[in-house]
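Step one of this worksheet: look at the structure below.
In what follows, every heavy atom counts, from backbone to side chain, and hydrogens, waters and symmetry copies are set aside. In each ligand, atom 1 is the first atom listed, and ligand 1 is the first ligand listed.
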Amino acid sequence: MRLLIVGPQGAGKGTQAALLAESLGIPHVSTGDLFRANLAAETELGKLAKKYMDAGELVPDEVTQEMVADRVSQPDAAPGFLLDGFPRNIPQADWLTGLLDGMAAPVQVVVLLTAPDQVLLDRMLARGRTDDTVEAIQRRLDIYHRETTPLIDYYDGRVVHVDGVGGVEEVHQRVLDAVRSH
Ligand code: AMP
C-alpha cells in the first residue's frame, strides 16, 4: 500500500506515521528524518540542507525529490511505503505523480492529521528540537498553510481526515480505522 501522511507540525505526524507504517508492514519514509540523518553524517546533502532547515525553509524541490526517488526505489519499498513530510507543495506532488505513474504505483490514501492551533503549539514547544525556534515554527506554519494545504484538494477522493487530539494509541487506532475503511 502507498500512503502519504499530511498535517501541520505538532499534529503528531511523525509518531503516527511510524506506528502506521509498522502496523501495515511498510517502510516509513520521512524526508525530515532523511535530512537529519544526512546532517548527522555531515554528507554534502546534509550541509546543503542545513541552512534551509535551520531557517524553517523548504529545502529546494529538486534536492528533496532526488532523495525521495532514491529511497522509494529501494527494494523494501516495492510492496509500498508511507511518505511523511513529502510532498509539501504542489510542484512536489506533481513530480511524485509522475514518478509513481511511471512505476504504475499511484498514491492510494492520504492521511490528513489535524489538531487545533493551541495543541500544535504546546506539543512543538515540548519537543525541544534545535530547529524549533519561535521564528522557525512560525515560518513552517506559514508554509504549511500557504503551500501544503492545497494538497488536500489535489488528492481529493483519497484523503481521510483524522483528529490528532488524544493519546498516541487512541489516535493510532483512529488512523488505522480510517485507512482500512477507505
Ligand atoms: P520535518 O521533520 O518534516 O519538520 O522537516 C524538517 C525540515 O526538513 C523542514 O523544515 C525542511 O527544511 C526540510 N524538509 C522536510 N521535508 C521537506 C520537503 N518535502 N521539501 C522541502 N524541505 C523539506
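- Of all heavy-atom pairs spanning His182 and Val109, the tightest one is CD2-CG2, 3.6 Å.
- For a heavy-atom separation below 4.0 Å, the residues in contact with ligand 1 are Thr31, Gly32, Phe35, Arg36, Met53, Glu57, Leu58, Val59, Thr64, Gly85, Phe86, Arg88, Gln92, Arg129, Arg140.
- Distance check: Leu19 CG to Leu24 CG gives 11.0 Å after rounding to the nearest 0.5 Å.
- The two residues Phe35 and Ala49 make their nearest non-hydrogen contact at CD2-CB, 3.6 Å.
- Checked by atom type and distance alone, the side chain of Gln16 pairs as donor or acceptor with a backbone atom of Val168 at under 3.5 Å.
- Taking both residues in full, the closest heavy atoms of Phe81 and Ile26 are given as C-CD1, 3.6 Å, listed atom of the first, atom of the second, then distance.
- A side-chain N or O of Gln138 and one of Asp142 form a donor-acceptor pair less than 3.5 Å apart.
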